There are 6 protein chains.
Amino acid sequence: MRPSGRSTDQLRDVRITRNFTKHAEGSVLVEFGDTKVICTASVETNVPPFLRGKGQGWVTAEYGMLPRSTGSRMIREAAKGKQQGRTVEISRLIGRSLRAAIDLKALGENTITIDCDVIQADGGTRTASITGACVALVDAINWLKANGKVKGEPLKHMIAAVSVGIYEGQAVLDLDYAEDSTAETDLNVIMTASGGFVEIQGTAEQEPFSEDELASMLALAKKGIADLAALQNAALES
Amino acid sequence: MRPSGRSTDQLRDVRITRNFTKHAEGSVLVEFGDTKVICTASVETNVPPFLRGKGQGWVTAEYGMLPRSTGSRMIREAAKGKQQGRTVEISRLIGRSLRAAIDLKALGENTITIDCDVIQADGGTRTASITGACVALVDAINWLKANGKVKGEPLKHMIAAVSVGIYEGQAVLDLDYAEDSTAETDLNVIMTASGGFVEIQGTAEQEPFSEDELASMLALAKKGIADLAALQNAALES
Amino acid sequence: MRPSGRSTDQLRDVRITRNFTKHAEGSVLVEFGDTKVICTASVETNVPPFLRGKGQGWVTAEYGMLPRSTGSRMIREAAKGKQQGRTVEISRLIGRSLRAAIDLKALGENTITIDCDVIQADGGTRTASITGACVALVDAINWLKANGKVKGEPLKHMIAAVSVGIYEGQAVLDLDYAEDSTAETDLNVIMTASGGFVEIQGTAEQEPFSEDELASMLALAKKGIADLAALQNAALES
Amino acid sequence: MRPSGRSTDQLRDVRITRNFTKHAEGSVLVEFGDTKVICTASVETNVPPFLRGKGQGWVTAEYGMLPRSTGSRMIREAAKGKQQGRTVEISRLIGRSLRAAIDLKALGENTITIDCDVIQADGGTRTASITGACVALVDAINWLKANGKVKGEPLKHMIAAVSVGIYEGQAVLDLDYAEDSTAETDLNVIMTASGGFVEIQGTAEQEPFSEDELASMLALAKKGIADLAALQNAALES
Amino acid sequence: MRPSGRSTDQLRDVRITRNFTKHAEGSVLVEFGDTKVICTASVETNVPPFLRGKGQGWVTAEYGMLPRSTGSRMIREAAKGKQQGRTVEISRLIGRSLRAAIDLKALGENTITIDCDVIQADGGTRTASITGACVALVDAINWLKANGKVKGEPLKHMIAAVSVGIYEGQAVLDLDYAEDSTAETDLNVIMTASGGFVEIQGTAEQEPFSEDELASMLALAKKGIADLAALQNAALES
Amino acid sequence: MRPSGRSTDQLRDVRITRNFTKHAEGSVLVEFGDTKVICTASVETNVPPFLRGKGQGWVTAEYGMLPRSTGSRMIREAAKGKQQGRTVEISRLIGRSLRAAIDLKALGENTITIDCDVIQADGGTRTASITGACVALVDAINWLKANGKVKGEPLKHMIAAVSVGIYEGQAVLDLDYAEDSTAETDLNVIMTASGGFVEIQGTAEQEPFSEDELASMLALAKKGIADLAALQNAALES
């Protein structure tokens with residue numbers, strides 16, 4: 001029995017709200033249950049120095065948590081003058097995953113910067129961030145097209161992300177904080193809408209996990225990604 | 001004629017939403033028109049080292065803006081490893097103002113940390129922050145009372161803040177970004193609900209301002225603070 | 001009775017010594033009683049990147065205190081790798097105020113950097129800094145004119161600064177440390193020699209202050225600024 | 001055909017040299033072909049503040065590269081004052097993996113800090129680091145036992161790490177730099193000597209990878225880990 | 001012929017002004033010609049953590065230059081968030097030299113922090129700093145004695161410092177900036193008043209220097225130190 | 001009697017291994033007994049901004065110690081975000097000394113960066129670093145010549161470095177850690193192979209040292225440098 005009463009292969013209520021803030025070219029509030037993240041996509045019509053003159057674009061991402069998005073207040077990283085290792089790691093993961101969704105040549109010499117800022121955390125902030133960010137990215141690409149900055153199609157495929165884990169001996173989908181904090185194994189899976197793997201990252205929190213457990217988790221992830229891809233599509237069509 | 005069509009002594013639509021996020025002891029979304037700030041109040045039942053054993057509490061504040069809360073994306077301060085001077089200055093202003101609302105002795109050896117995070121900016125983020133933060137502060141104090149951590153009454157008076165300025169030669173209340181970016185003078189006024197001054201800070205952006213202009217601006221501020229105090233009360237009673 | 005025996009509208013002994021050090025284009029030692037600040041103005045015949053090609057100049061300021069300028073030694077900010085919030089706030093105030101004295105177009109593509117370094121502190125370091133810096137600024141402008149780098153007149157008006165406050169229930173001018181550390185209210189006023197307001201910044205340290213108290217303080221400030229303007233003129237004519 | 005002429009399931013020449021430097025409680029030079037890493041394990045007989053009084057120990061790790069361990073010189077992170085994101089991410093991975101090898105309760109209130117410093121890089125520095133570090137960790141544990149600081153057995157199981165990837169359409173084991181820099185997919189696998197998964201982390205560098213490709217890579221990794229475990233044992237017995 | 005017209009073994013005009021600022025336990029303005037440094041000695045009646053309970057005191061030093069103490073303005077180290085290597089090196093030299101003057105056991109558990117802040121630079125700032133700092137140190141020790149914090153005699157011997165160099169082929173004493181910037185060799189010598197060496201540090205700026213040149217420079221240094229020791233004594237007796 | 005049993009004028013076993021790592025243009029492992037330093041020389045065919053267009057090259061150096069190169073683990077400077085003062089000081093010393101060996105005009109617009117990384121420390125790391133770095137520097141110059149980047153001869157003379165000191169009342173050559181940690185005086189001497197002084201830096205750790213002691217130490221240093229120069233030559237000829 002999961003703390004939330006969900007079945008093992010059931011996502012939390014997922015809501016994707018586009019145009020959440022007014023300035024960004026793409027702005028999405030993504031909610032995986034009580035986990036809430038603002039994902040914005042900001043367009044610049046140039047590229048960082050290391051890419052100048054190479055005829056391609058760039059996608060990068062930064063992640064942050066509001067100090068009191070969590071149960072006890074965390075130190076504000078800007079005030080401390082240093083990001084935590086976890087923050088750096090997640091920022092890199094989001095950027096790397098989204099670049100896998102994009103044909104950087106077709107993007108032309110434009111940069112899209114994704115900001116994922118967690119306003120309320122209840123487990124799975126990185127997977128919610130990627131899932132929401134991909135929608136914001138599409139809106140930014142559409143802005144580039146509408147403004148004549150991009151001719152072809154930079155979007156290779158939609159991507160979404162979900163966590164799976166072994167909780168009390170059983171594989172479960174989309175762990176919330178109550179599960180995540182005690183799970184034996186935690187695996188984040190990022191896939192394309194058509195079922196290709198973009199990134200998998202799994203850690204045995206307590207005991208090593210077996211090939212069978214890995215297989216069970218991957219099967220749940222595949223199901224969850226399909227559900228999320230449908231929700232992304234619905235949001236983009238609305 | 002103001003860009004928004006408001007009369008000179010008219011506030012923007014102000015909304016104060018309590019319990020906006022679930023973890024903080026006080027959590028308020030404050031909106032002054034399109035300016036939106038999440039204000040949380042976090043309680044710790046101890047005090048910073050410089051106050052230990054002095055039998056009093058502490059109230060402090062930190063301010064930040066999401067990178068794309070503004071028209072063009074700002075660098076993320078946490079990633080750069082340094083807060084801008086403006087951020088530091090506003091954080092200090094918020095903390096100083098809120099301490100003026102509180103009897104630190106009556107607070108006992110407890111610390112309340114206010115975080116004001118701007119998710120969308122359209123002028124007046126510091127005044128919206130203070131106005132919303134005072135409501136979150138009251139909720140945190142009520143939490144302390146309800147949990148038996150505080151016996152007396154730490155709240156001396158409610159405070160609110162509003163900007164006034166000289167825009168196209170005329171004193172106006174609660175400047176939005178369209179006004180703020182071209183105003184000749186910009187004055188931030190923080191007052192108690194009963195009309196005492198807590199802080200005034202005014203800058204001649206172009207030409208020096210006169211005593212008459214100062215008087216006109218202060219009169220508008222007084223009116224605006226009264227309106228805001230009523231809205232704070234309504235929110236606290238709901 | 002003030003600790004120093006001064007009347008309520010009396011400045012401390014103010015001394016303005018030009019050409020205090022030999023390298024800077026403008027170099028002033030300003031003394032407000034025991035508060036002593038070295039103010040230098042350094043000229044560069046170019047502008048920062050954000051102003052290049054705009055046909056205007058720039059004025060900026062930095063403030064610092066020698067570690068033992070105060071009663072107990074403060075940490076050296078350079079060694080700590082971080083400026084205090086107060087330092088940042090005062091640096092910004094000085095720069096903003098001095099820019100109000102200057103026609104940046106008439107300055108041409110030149111930058112003047114003001115450094116205010118407190119060698120001995122006894123209250124009012126920011127107001128002494130601004131008052132002395134304006135004299136150093138004039139010397140630097142004269143250097144630019146003498147060297148044919150500036151044709152027109154960049155100086156719009158002289159500015160000076162003074163603190164006023166409510167000390168033991170009474171409005172007083174130019175607070176020293178003994179007064180400042182216990183004042184109920186502290187207001188810094190920066191005005192032009194002709195009586196226009198450039199900046200006012202006031203804080204209720206204990207109880208809110210009233211409109212009447214504000215009026216009393218502003219009247220004292222006006223008187224003090226007139227006295228300081230006369231001293232600045234005398235120094236520039238000597 | 002692999003650039004090195006190796007078969008698809010063949011490790012590079014792996015050498016594990018114990019007691020490489022004289023001061024550390026465990027000191028190993030690990031070589032995976034031309035990749036060379038010094039792994040030291042340093043013992044402190046206390047724990048970090050967050051673990052005090054909990055009756056358990058701690059294992060943590062830091063990773064670095066000498067500036068000219070690579071083909072072109074990298075900036076020295078200590079001189080820049082900031083570690084790269086990649087460095088932080090790998091440090092965290094090494095620490096997390098090694099903690100999975102240890103019963104922290106049995107370690108008692110002792111801390112073992114692992115330093116992995118790459119003196120020459122040719123691909124696979126993180127997997128070589130973990131493989132060598134586990135041997136240094138065992139030496140440090142033996143030092144703790146020999147000095148009577150630990151009574152029970154903190155080592156739960158040996159771990160080793162290897163990279164696998166899809167190179168020119170084929171799954172290959174233990175990628176060198178020539179392969180790594182052009183691989184389509186790169187997967188790092190950390191397992192126990194008995195075949196349990198401790199961590200898997202895989203990224204599609206170009207196109208998404210399929211379930212079949214994942215299965216092929218995992219099979220190679222299992223074979224490679226078995227070979228590495230044998231080499232670790234041989235080193236520890238010598 | 002030296003640019004200043006001095007003979008080869010002639011110091012610049014040296015002035016040592018005690019009680020230069022009012023807060024510090026020792027405060028000296030030292031002038032070596034146009035080089036002017038404020039040296040303060042600050043007493044704390046405790047020791048840094050690494051010396052607690054060892055029954056001895058500590059002497060440490062920090063050095064800085066006002067941004068416009070030099071011909072062209074230097075970046076303010078506090079604003080940049082980092083001290084230059086030269087600043088760190090000189091701070092360490094001053095502290096190390098002064099500790100050689102002191103019996104740390106006799107100082108008891110007290111710390112004296114020396115701040116040397118250059119307000120005008122014309123060569124030889126480090127040697128002027130040490131020479132002035134030793135006088136400030138004596139004043140601080142006398143303060144400790146007068147306040148009953150120290151019983152015995154912590155001062156082992158007075159120290160002074162002077163630069164010597166090879167300028168246009170000839171050994172000269174106490175180089176000013178005009179000489180220093182073109183000298184072939186620059187040697188800083190710190191000696192006790194009785195002629196023992198505390199520190200020597202010499203660099204061949206262009207060609208290597210010979211044993212004979214070293215001997216000539218050391219002879220000049222010895223003469224200069226004797227002159228400086230007499231000036232220190234005179235200042236302390238006044 | 002020295003702890004190592006060496007005679008007073010005897011170096012430790014010195015080994016200089018060229019081509020120690022494969023990527024750098026010059027790569028040397030230098031060993032002075034148990035002190036082991038990797039010295040690499042990295043070539044860039046351009047110069048830093050301050051030298052652009054001046055028709056000369058640059059040589060600079062950075063020094064570091066692996067965290068567990070010493071008896072107890074030191075904090076990793078990259079993780080702390082700050083280099084120690086000692087590290088900065090030694091980096092500057094190495095760079096300054098090596099520039100004395102080079103005709104920067106003849107080097108052309110090329111930069112050679114020397115990295116000295118201590119993998120095991122037993123006293124004398126800075127002198128071993130300079131001695132090894134000069135060999136790596138020669139290899140890098142030969143690479144520049146072989147690749148047609150340099151026409152003339154940038155090497156003016158070989159340099160080497162050695163420490164001398166007063167240990168138990170007697171002058172000794174090449175102090176190891178056991179001697180260094182208790183020596184009364186420590187003098188680092190850097191000379192050309194032909195006996196000219198490049199840098200001397202000596203500190204009285206306890207009591208001031210006399211002219212006679214200085215003379216004894218310099219005589220030993222001269223002998224040691226001659227021995228080291230012979231070893232450098234042998235290494236370069238092998």
Side-chain angles (χ1 to χ4, degrees), chain C residues 19-29 31 33-45 60-84 87-88 91-92 95 111-122 136 140 177, chain E residues 19-29 31 33-45 60-84 87-88 91-92 95 111-122 136 140 177:
Chain C
N19 303 316
F20 183 67
T21 56
K22 73 173 188 178
H23 296 298
E25 286 76 23
S27 173
V28 163
L29 174 71
E31 299 169 84
D34 275 351
T35 289
K36 303 184 184 193
V37 187
I38 301 177
C39 307
T40 60
S42 297
V43 169
E44 278 177 294
T45 54
T60 185
E62 293 187 356
Y63 168 94
M65 300 181 86
L66 295 199
R68 195 56 196 280
S69 58
T70 45
S72 58
R73 185 177 182 272
M74 298 180 302
I75 283 174
R76 183 177 291 265
E77 293 179 335
K80 194 185 175 188
K82 196 171 179 181
Q83 291 178 304
Q84 292 182 52
T87 299
V88 171
S91 295
R92 285 165 53 86
T111 297
I112 302 177
T113 302
I114 304 292
D115 286 287
C116 295
D117 285 278
V118 178
I119 61 175
Q120 189 172 279
D122 189 39
Y177 180 75
Chain E
N19 303 316
F20 183 66
T21 56
K22 74 172 189 177
H23 295 298
E25 286 75 25
S27 173
V28 163
L29 174 71
E31 300 168 83
D34 275 351
T35 289
K36 303 183 183 193
V37 187
I38 301 176
C39 307
T40 60
S42 297
V43 169
E44 277 176 295
T45 54
T60 186
E62 293 187 356
Y63 168 93
M65 299 181 86
L66 295 199
R68 194 56 195 281
S69 58
T70 45
S72 58
R73 185 177 183 272
M74 298 180 304
I75 284 174
R76 183 178 291 265
E77 293 179 336
K80 194 187 175 187
K82 195 170 179 182
Q83 291 178 303
Q84 293 182 51
T87 299
V88 171
S91 295
R92 285 165 54 86
T111 298
I112 302 177
T113 302
I114 304 292
D115 287 288
C116 295
D117 285 277
V118 177
I119 62 176
Q120 189 173 278
D122 188 40
Y177 181 75

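Computed from a predicted structure; not experimentally measured.
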Residues E:Leu66, C:Ile38; criterion side-chain contact (heavy atoms from CB on, under 4.5 Å); working and verdict: CA-CA 9 Å; E:Leu66 295 199; C:Ile38 301 177; 4.0 Å; yes
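Looking at C:Val88, neither its backbone nor its side chain comes within 4.5 Å of chain E, counting heavy atoms on both sides. Heavy-atom distances place the backbone of E:Thr70, and not its side chain, under 4.5 Å from chain C. Interface remark: C:Ser72 contributes no atoms to any contact with chain E (heavy atom separation under 4.5 Å). The contact between E:Gln120 and chain C is made entirely by side chain atoms (from C-beta outward), counting heavy-atom distances below 4.5 Å. Interface residue E:Asp117: only side-chain heavy atoms are found under 4.5 Å from chain C.
The minimum heavy-atom distance linking C:Arg68 with E:Ser42 is given by the pair NH1-OG, 3.0 Å. Smallest separation of non-hydrogen atoms from C:Glu77 and E:Ala78: CB-CB, 3.7 Å.
For the atom pair C:Tyr177 OH and E:His23 NE2, the distance stands at 9.0 Å (nearest 0.5 Å).
Highest contact tally toward chain E, considering only C:Glu25, C:Lys80, C:Lys82, C:Glu44, is held by C:Glu25 [criterion: heavy-atom pairs under 4.5 Å].
The side chain to side chain donor-acceptor pair (under 3.5 Å) test applied to E:Thr21 returns E:Ser27, not counting sequence neighbours. Under the side chain to side chain donor-acceptor pair (under 3.5 Å) criterion, E:Glu62 pairs with C:Arg73, C:Arg76, sequence neighbours left out.
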